[in-house]
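None of the values given here were measured: they were computed from a predicted structure.
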Amino acid sequence: MSFQFNFSIEEKAENELETLGDTALQLESAQASLNPGGSTKKSKEISSEENVHKESLCAHEATPKTADPVANCSPDKSQVQVLPKKRAGFIVAKEHNIPEDFSKVLENKVMEAVQGLYYVNISVVEMTLSNDSHEEDIVSKSISSHSDLITGIYEGGLKIWECTFDLMDYLSEAEMQFINKTVLDLGCGAGLLGILALKRKAKKVHFQDYNHTVIDEITLPNVVANCTDGGGDGGISEPPSKKHKKANFIPALMSKCRFFSGEWAEFSQLMLNGNKPFSKYDLILTSETIYNPDYYSALHDTISELLDKNGRVYLASKAHYFGVGGGVHIFEKFIEERNVFRTRTVKVIDEGLTRYIIEMAFKIS
Ligand SMILES: C[S@@+](CC[C@H](N)C(=O)[O-])C[C@H]1O[C@@H](n2cnc3c(N)ncnc32)[C@H](O)[C@@H]1O
């Protein structure tokens with residue numbers, strides 16, 4: 001099922017949209033490669049930091065579950081990229097205001113549906129944003145570098161990555177209780193995990209992504225599209241339309257949400273030292289966020305600062321991220337060395353490249 005809002009861009013776009021199938025994820029191939037630094041002027045500008053080394057990344061974005069991860073991961077010379085050893089840390093955290101007129105958020109968006117949830121069609125966002133000289137400009141940078149991750153600049157949130165669906169499945173199978181819980185969708189991208197929590201009656205849901213473009217163009221529209229009347233857990237709800245903008249929306253659901261962009265350490269500082277009261281999270285849901293070991297320290301500290309002492313983290317990840325070097329085992333080793341959290345594997349998805357769901361809790365709890 002797909003539907004669109006005030007969509008009036010080029011004919012080409014319309015033609016392409018006609019090819020989109022019902023309720024199927026129509027995102028591009030599951031390949032992702034890191035920023036190709038070195039050889040072009042543009043990429044040299046991006047890879048302003050040293051320690052450049054050659055590697056490739058294989059991380060799957062949202063694909064139908066039948067996609068063969070091994071095939072998608074097969075070594076391909078064109079995927080060999082120069083990876084800048086650049087740390088995230090340049091993006092200051094900020095809270096995004098929720099617009100009063102929700103329909104504006106959905107303007108020019110085309111929605112698809114998967115597993116009972118709506119999400120914006122990324123190809124259309126790319127078409128509408130790629131020619132804009134947008135402040136962050138991650139869409140055109142991502143397109144021009146053929147890359148779903150540009151370290152320190154764009155961290156992949158425009159796409160839905162496949163472990164999101166693993167974690168959604170796990171939360172359903174485990175009958176995870178969200179009622180009265182405060183939930184953080186950390187590194188949210190499309191925000192489907194947070195939306196699931198919201199629809200299952202979480203008390204509050206916060207969404208965090210590195211890039212503010214992702215929050216404005218992807219996360220917020222997705223949350224709005226899923227927050228209509230009857231938008232409980234009873235399957236997919238009627239999508240909002242412009243004429244319904246004030247009457248049919250449930251601002252109550254939106255008022256449970258807050259949206260943040262910025263780097264993790266900055267984000268936790270904003271939450272802890274900001275001027276709004278903050279209660280620690282009962283649940284932190286996070287998918288495909290441990291691909292880069294350079295970020296582990298910030299990720300670990302953010303979780304330890306923001307998680308309630310009895311809280312739980314559910315983290316979904318591939319066993320290994322080729323090229324970037326992160327993955328479940330190296331992350332667990334890091335966690336063990338820090339000696340703050342205990343981890344437990346709660347689900348293994350053994351399809352080609354193995355994927356895991358890990359539960360984390362404070363050792364002292
Ligand atoms: C590969 S994307 C995954 C998006 C989404 N969770 C999914 O599964 O579709 C990784 C996400 O982690 C977040 N992220 C990665 N490194 C980060 C950092 N150092 N600081 C803040 N956010 C970061 C980005 O927001 C990005 O959306």
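With a 4.5 Å cut-off on side-chain heavy atoms, L117 and M168 count as touching. Within the 4.5 Å cutoff, the side chain of T286 has no heavy atoms near those of the Y314 side chain. The shortest side-chain heavy-atom distance between K318 and E162 falls under the 4.5 Å cut-off. A heavy-atom distance below 4.5 Å is found between the side chains of I349 and I357. Using a 4.5 Å heavy-atom threshold, the side chains of I98 and M254 count as touching. Contact of the Y295 side chain with the I290 side chain is not registered, since no non-hydrogen atoms from C-beta on lie closer than 4.5 Å. Annotation: side chain of V124 is not in contact with side chain of V120 (no heavy-atom distance under 4.5 Å). Within the 4.5 Å cutoff, side-chain heavy atoms of L184 are placed close to those of F267.
Nearest heavy-atom pair across S279 and K204 is OG-NZ, 3.7 Å. In terms of heavy atoms, A202 sits closest to V183 at CB-CG2, 3.9 Å. Across all their heavy atoms, I215 and C188 have their closest contact at CD1-SG, 3.9 Å. The two residues A298 and W264 come nearest to each other via the heavy atoms O-CB, 4.2 Å. Nearest heavy-atom pair, G191 versus T219, reported as atom, atom and distance to 0.1 Å: CA-CG2, 4.2 Å. Closest of all the heavy-atom pairs between C163 and S317 is SG-C, 3.6 Å.
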Let's go through K347 and E173 carefully: what are the C-alpha distance in whole Å and the side-chain angles of both, what is the deciding distance for salt bridge (charged side-chain N to carboxylate O under 4.0 Å, His left out) to 0.1 Å, and is it a yes or a no? CA-CA 10 Å; K347 187 172 177 186; E173 290 155 15; 3.0 Å; yes

Under the side-chain contact (heavy atoms from CB on, under 4.5 Å) rule, what do D169 and Q115 come out as? Steps first, then yes or no, please. CA-CA 9 Å; D169 288 345; Q115 296 197 10; 3.5 Å; yes

Check step by step if side-chain contact (heavy atoms from CB on, under 4.5 Å) holds for S261 and H96. CA-CA 8 Å; S261 59; H96 293 237; 2.7 Å; yes

Would T289 and L186 satisfy side-chain contact (heavy atoms from CB on, under 4.5 Å), going step by step from the backbone distance to the final call? CA-CA 8 Å; T289 46; L186 186 68; 5.7 Å; no

Just do the side-chain contact (heavy atoms from CB on, under 4.5 Å) check on K280 and L306 with the steps written out, would you? CA-CA 5 Å; K280 294 197 176 190; L306 302 185; 5.8 Å; no

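T182 and D282 form a side-chain donor-acceptor contact under 3.5 Å, judged by distance and modelled atom types alone. Using modelled atom types, one finds no donor on one side chain facing an acceptor on the other under 3.5 Å when comparing Y119 with E112. S140 and D137 are linked by a side-chain donor-acceptor pair at a separation below 3.5 angstrom, with hydrogens and angles left out of the test. A donor-acceptor pair shorter than 3.5 Å can be found between the side chains of R200 and S172. Side chains of K363 and N339: a donor-acceptor N/O pair is present below 3.5 angstrom, by distance only. No hydrogens or angles considered: nothing links the side chains of N211 and T213 as a donor-acceptor pair under 3.5 Å. E136 and Y154 share no donor-acceptor pair across their side chains, judged by distance under 3.5 Å alone.
With respect to the salt-bridge test (charged N to carboxylate O, under 4.0 angstrom), the residues K276 and E95 qualify. Checked for salt-bridge contact, E336 and R342 miss the test: no charged N lies under 4.0 Å from a carboxylate O. Taking 4.0 Å as the cut-off between side-chain N and carboxylate O, E217 and K109 count as a salt-bridged pair. Between R338 and D301, at least one side-chain nitrogen of the basic residue sits less than 4.0 Å from a carboxylate oxygen of the acidic one, meeting the salt-bridge criterion.
The main-chain N or O of V214 is never found under 3.5 Å from a side-chain atom of D209 such that the two would form a donor-acceptor pair. Formation of a donor-acceptor pair under 3.5 Å by the Q208 side chain with backbone atoms of G187 is found in this model. Counting only distance, with no hydrogens or angles, the side chain of K181 and the backbone of Q177 share a donor-acceptor pair below 3.5 Å. For the pair S142 (side chain) and S147 (backbone), a donor-acceptor distance under 3.5 Å is present.
In the hydrophobic cluster analysis, where Ile, Leu, Val, Met, Phe, Trp and Tyr join through side-chain heavy atoms closer than 4.5 angstrom, L253 is grouped apart from I179.
Separating the OG1 atom in T164 from the CG atom in L192 is a distance of 6.0 Å, to the nearest 0.5 Å. To the nearest 0.5 Å, the span separating CG on L315 from CG on L285 amounts to 10.0 Å. With rounding to the nearest 0.5 angstrom, the CG atom of L158 is 11.0 Å from the OG atom of S123. The structure places SG of C227 at 10.0 Å from CG of L220, a figure rounded to the nearest 0.5 Å. L299 CG to E263 CD: the interatomic distance, rounded to the nearest 0.5 Å, is 10.0 Å. Taking CG of D148 as the start and CD of E288 as the end, the distance is 11.0 Å to the nearest 0.5 Å.
Pairs engaging residues 271-290 under the ring-ring contact (aromatic ring centres under 6.0 Å, His included) rule: H206-Y281, F278-Y281 [sequence neighbours left out].
Between F260 and F207, the gap from one ring centroid to the other reaches at least 6.0 Å.
No option in L193, V223, N226 other than V223 meets the side chain to side chain contact (heavy atoms under 4.5 Å, CB included) test with L198. With F331 as the fixed residue, the ring-ring contact (aromatic ring centres under 6.0 Å, His included) test singles out one of Y296, Y356, F341, Y291: Y296.
For K333, the salt bridge (charged side-chain N to carboxylate O under 4.0 Å, His left out) test picks out E337, with sequence neighbours left out. For E332, the salt bridge (charged side-chain N to carboxylate O under 4.0 Å, His left out) test picks out no residue, with sequence neighbours left out.
In this structure, H320 and F322 have perpendicular ring planes: the angle between them is above 60°, well past the 30° mark.
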